[in-house]
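One structure is given here, and the rest of the page talks about it.
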Amino acid sequence: MNTSHSKIGYARTSTTDQNLDAQMTALKAAGCGMVRAEQKSGASLDARPELKTILDFIHPGETLVVTRIDRLARSLSDLQTIVTRLKEKGAHLAATEQPVDTSTAAGKAFFDMLGLFAEFETNLRRERQAEGIAAAKQRGVYRGRPPRISMAEIREKLTAGLSPTEIAHELGVSRGTVYKARKDLKDAA
């Protein structure tokens with residue numbers, strides 16, 4: 001095995017507005033022969049091609065290195081999925097800013113604790129967001145996301161005799177949205 005690739009770095013930010021430079025520098029300083037980076041949400045493992053590539057091609061004895069566990073995933077279940085995949089391949093996980101090294105018992109225990117705290121922080125953030133939305137609704141300043149399509153336009157097309165499938169296709173909405181407009185039309189009649 002090529003020892004220059006025994007450590008594979010993974011850097012991630014949630015948005016393109018954030019800078020990856022500090023993570024990239026830290027991972028290279030940690031001895032990562034290759035660093036893959038992406039600017040995607042860590043809320044789930046879906047739609048993260050760089051991480052998927054690492055997990056698909058990592059070799060036995062290699063270590064996936066991140067600066068912090070929250071750069072890898074935001075939920076304990078996603079972290080456990082990643083670690084399970086690494087373990088199945090005979091690979092490990094390490095973090096440069098946290099004492100995480102899944103090749104040791106202490107590192108595994110600390111990793112599990114960090115995962116719990118990351119998930120706890122995500123849940124707290126959701127609760128704060130829901131509280132903020134509720135308060136804004138009470139003050140009458142929260143309107144939610146503006147509708148993509150006018151329900152009146154859907155009802156006009158229904159009245160004109162178009163089928164829900166035709167309307168959905170033409171307007172780029174789901175048939176469920178069309179059926180909701182049809183139900184509202186029948187309830188109003």
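Scope of the values below: all heavy atoms of this structure, side chains included, with no hydrogens, waters or symmetry mates. Predicted model, so just to flag it, every value in this text is computed and none were measured.
Residues forming a side chain to side chain donor-acceptor pair (under 3.5 Å) with R68 (at least two apart in sequence, or on another chain): D70. Applying the side chain to side chain donor-acceptor pair (under 3.5 Å) rule to R71 yields no partners; only residues at least two apart in sequence or on another chain are considered. For T67, there are no side chain to side chain donor-acceptor pair (under 3.5 Å) partners, not counting sequence neighbours.
Looking at heavy atoms from C-beta onward, R48 lies in side-chain contact with Y10 at the 4.5 angstrom threshold. Two residues are said to be in side-chain contact when any heavy atoms from C-beta on lie closer than 4.5 Å; L72 and R12 fail this criterion. For the pair H169/T165, no side-chain contact is recorded, criterion being any heavy-atom separation below 4.5 Å from C-beta on. At least one side-chain heavy atom of L64 sits under 4.5 Å from a side-chain heavy atom of L86. No side-chain heavy atom of T96 sits less than 4.5 Å from a side-chain heavy atom of V66. For the pair T15 and K40, the minimum side-chain heavy-atom distance is 4.5 Å or more. Contact annotation: the side chain of L51 approaches that of L45 to within less than 4.5 Å [non-hydrogen atoms, C-beta and beyond].
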Considering only distance and modelled atom types, tabulate donor-acceptor pairs under 3.5 Å from the side chains of residues 122-135, sequence neighbours left out.
residue : atom : partner : partner atom : Å
T122    : OG1  : R74     : O            : 3.4
T122    : OG1  : A118    : O            : 3.1
N123    : OD1  : R126    : NH1          : 3.4
N123    : ND2  : E119    : O            : 3.4
R128    : NH2  : E121    : OE2          : 3.2

Extract all donor-acceptor atom pairs below 3.5 Å that involve side chains of residues 153-161 and protein atoms in other chains or at least two apart in sequence.
residue : atom : partner : partner atom : Å
K157    : NZ   : E170    : OE2          : 2.7
T159    : OG1  : R155    : O            : 2.8

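I58 and L79 fall within a single hydrophobic cluster, where Ile, Leu, Val, Met, Phe, Trp and Tyr are joined by side-chain heavy atoms under 4.5 Å apart, directly or via other members.
Between the side chains of T13 and Q39, at least one donor N or O sits under 3.5 Å from an acceptor N or O. The closest side-chain donor-acceptor pair between T177 and S174 falls under 3.5 angstrom.
When every heavy atom of V65 is checked against every heavy atom of L27, the shortest pair comes out as O-CD2, 3.4 Å. Nearest heavy atom pair, residue P164 against residue R182, reads CG-NH1, 3.8 Å. In terms of heavy-atom proximity, A37 sits nearest to L20 at CB-CD1, 3.8 Å. Considering all non-hydrogen atoms of both residues, D184 and M151 come closest at OD2-CE, 4.4 Å.
For the atom pair L55 CG and T81 OG1, the distance stands at 10.0 Å (nearest 0.5 Å).
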* Hey, mind stepping through L93 and T63 against side-chain contact (heavy atoms from CB on, under 4.5 Å) and telling me if it holds? -> CA-CA 5 Å; L93 173 66; T63 301; 5.8 Å; no

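With hydrogens and angles disregarded, no donor-acceptor distance shorter than 3.5 Å links the side chain of E62 to the backbone of H92.
Counting only residues at least two apart or in different chains, side chain to side chain donor-acceptor pair (under 3.5 Å) contacts with residues 21-36 comprise N19-D21, R36-E50.
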